[in-house]
Trainee: 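Please find one structure pasted underneath; my questions will follow.
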Amino acid sequence: MLHLRVTSPPDRTAAVATLLQECPGVASLAVVRGASIRPPGDLVLADVARESTDEVLTGLRGLGIDADGTISMETVDTAVSRAAERAERAAPGEGADAVIWDEVVRRTSDDAVLSWTFLAFLFLATALAAIAVVLDSAILVIGAMVVGPEFVPLAAVAVGLVHGRISLLRRGVVTLVVGFVCAIAATTVLCLLARAGGWISAASIERPRPLTAFIWAPDRWSFVVAFIAGVAGVLSLTSSKSAALVGVFISVTTVPAAGNFAIALALGDLGEMAGSAAQLGVNIAAIVLAGVATLAIQRAVGRAPHRGRSGARWKAPTISR
């Protein structure tokens, strides 16, 4: 269940209440007249089954509540109510499969912002990956993958493409390009200092590296792994199962490839630079493609007719403002 909080202009409160009353996925509904000071209006509270939330939000936007009022949602961890059970049975589909598109867009938009925190995490991950290359350490490679924050901007690019949100697409691309350029540049400087201090040399990357050689030598499996991880990552974002993202992070060699590129650049190894750039490009392309395909399928499935476990089908009605 989700708790819905709506601040409605007084002239539209009756329409909002009607919309929610007619939705079979609404478990409870309360209206507090004149409770909102800014923006001025009434407060409408409701508990809504996740499966019905997207339709409810569509109806509220149709009433212009997003422009003249406010709409907020929060997850209800526990709802001890027979009314909630009835609402979940009546709502179309399954809660685990339901996608709340406003939540997906807002989440990717907020987390894909180019910030100092994002740059710091990406730099730390890239530097850790470079150290992993020197030590030929698979454990450090995994650590670099987990620290790397690049998946959400990749997801933002996919969401922007599927939903036609140019600003979100631009934000994801800028964050990725600037982030990787800055992280690689800063890591290259560290590698140059390490080379000057005698900590690393050309032999550091020319010697056999059985545990980390894969991060600069893409093959046919590189695309497959990245594509599968991209699908899993998008599913975890749209279903709010963020724990699955950890598995995605340790499956894709975007950050390790960037770290290998930085150390190869510092040591002047053109072959490893080319291989790392190819690995990075393959992984980014596969993740974006997987994200676009997954989101497009979820969108198509969401628009198809669904019936609740009670056999009912509900769609937000068009209510005149």
Side-chain angles (χ1 to χ4, degrees), residues 1-9 12-13 15-32 35-81 83-113 152 155-156 159 162-163 165 168 234-245 295 298-299 301-303 306 308 314-317 319:
M1 298 293 293
L2 292 174
H3 182 65
L4 182 69
R5 184 168 182 245
V6 178
T7 300
S8 170
R12 269 166 273 176
T13 301
V16 171
T18 299
L19 171 74
L20 293 171
Q21 280 181 312
E22 292 182 355
C23 176
V26 172
S28 61
L29 174 63
V31 178
V32 185
S36 178
I37 298 176
R38 184 167 51 183
D42 305 323
L43 185 64
V44 182
L45 305 172
D47 290 325
V48 187
R50 182 179 177 87
E51 303 94 306
S52 296
T53 304
D54 202 52
E55 287 284 2
V56 167
L57 292 177
T58 299
L60 292 174
R61 284 198 303 272
L63 293 171
I65 302 300
D66 57 329
D68 303 324
T70 62
I71 305 171
S72 62
M73 299 179 300
E74 60 183 6
T75 302
V76 177
D77 294 327
T78 304
V80 183
S81 166
E85 294 175 0
R86 289 193 296 268
E88 289 177 341
R89 285 196 299 269
E94 296 288 341
D97 298 330
V99 179
I100 304 174
W101 292 110
D102 290 273
E103 179 184 56
V104 173
V105 171
R106 179 55 63 92
R107 184 177 181 184
T108 52
S109 179
D110 291 345
D111 293 347
V113 172
V152 175
V159 173
V162 172
H163 289 270
R165 294 179 177 262
L168 182 57
V234 169
L235 287 175
S236 69
L237 284 175
T238 56
S239 64
S240 297
K241 295 184 181 298
S242 58
L245 279 176
L295 290 168
Q298 287 181 305
R299 192 178 186 185
V301 171
R303 289 178 173 177
H306 292 286
W314 181 81
K315 183 176 179 62
I319 303 176

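Quick note: residue numbers are just sequence positions, from 1. Given the structure is predicted, the values throughout are model-derived calculations rather than measurements. Because only heavy atoms are used, hydrogens play no part in the values below, and waters and symmetry mates are left out as well, while side chains stay in.
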Trainee: With a 4.5 Å limit on heavy-atom distance, are the side chains of E103 and D54 in contact?
Mentor: no

Trainee: Rounded to the nearest 0.5 Å, what's the gap from CD on E51 to CD1 on I100? Could you check?
Mentor: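 Result: 9.5 Å between the selected atoms.
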
Trainee: Does some side-chain heavy atom of R5 sit less than 4.5 Å from a side-chain heavy atom of E74?
Mentor: no

Trainee: Measuring from T18:OG1 to Q21:CD, what's the distance to the nearest 0.5 Å?
Mentor: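 The distance works out to 6.0 Å.
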
Trainee: Where is the tightest heavy-atom contact between V26 and A46, given as atom of each residue plus distance?
Mentor: CG1-CB, 4.3 Å

Trainee: How about V234 and Q298: do any of their side-chain heavy atoms sit closer than 4.5 Å?
Mentor: yes

Trainee: Output all residues satisfying side chain to side chain contact (heavy atoms under 4.5 Å, CB included) with V31, sequence neighbours left out; order by chain, then residue number.
Mentor: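 V31 satisfies side chain to side chain contact (heavy atoms under 4.5 Å, CB included) with T13, A17, R33, V44 only.
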
Trainee: Could you state the interatomic distance from CG (L20) to OG (S28), rounded to the nearest 0.5 Å?
Mentor: 10.0 Å

Trainee: Please test R12 against D68 for side chain to side chain contact (heavy atoms under 4.5 Å, CB included), starting from the C-alpha separation and ending with a verdict.
Mentor: CA-CA 10 Å; R12 269 166 273 176; D68 303 324; 2.8 Å; yes

Trainee: Please report the C-alpha distance between V159 and V105 in whole Å, then the side-chain angles of each, then the deciding distance to 0.1 Å, and finally whether the side chain to side chain contact (heavy atoms under 4.5 Å, CB included) criterion is met.
Mentor: CA-CA 7 Å; V159 173; V105 171; 4.0 Å; yes

Trainee: What heavy-atom pair brings L168 and A156 nearest, and what distance separates the two atoms?
Mentor: CG-O, 3.6 Å

Trainee: For the CE atom of M1 and the OG1 atom of T53, what is their distance to the nearest 0.5 Å?
Mentor: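 Atom-to-atom, M1:CE and T53:OG1 are 8.0 Å apart.
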
Trainee: I want to check something: taking the side chain as every heavy atom from C-beta on, are L60 and D66 in contact at a cut-off of under 4.5 Å?
Mentor: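 Heavy-atom side-chain distance check fails, nothing below 4.5 Å.
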
Trainee: Of all residues at least two apart in sequence or in a different chain, which pass the side chain to side chain contact (heavy atoms under 4.5 Å, CB included) check with A87?
Mentor: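 Partners of A87 by the side chain to side chain contact (heavy atoms under 4.5 Å, CB included) criterion, ordered by chain and then number, come out as A27.
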
Trainee: Does D102 reach the side chain of I71, with side-chain heavy atoms less than 4.5 Å apart?
Mentor: no

Trainee: Distance only, no hydrogens: is a donor on one side chain within 3.5 Å (strictly under) of an acceptor on the other, for S8 and D42?
Mentor: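 Looking only at side-chain atoms, D42 and S8 do not form any donor-acceptor pair under 3.5 Å.
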
Trainee: Measure the spacing between OG1 of T58 and CG of L63 and express it to the nearest 0.5 Å.
Mentor: 11.0 Å

Trainee: In Å and rounded to the nearest 0.5 Å, what is the CG to CG distance from L45 to L4?
Mentor: 8.5 Å

Trainee: Closest approach of R299 and V162, non-hydrogen atoms and distance?
Mentor: NH1-O, 2.8 Å

Trainee: So which heavy atom on I65 is nearest to which on P9, and how close?
Mentor: CD1-CD, 4.0 Å

Trainee: For a quick test of reading the model, state the closest non-hydrogen atom pair linking T7 to P39 and the distance between them.
Mentor: CG2-O, 3.5 Å

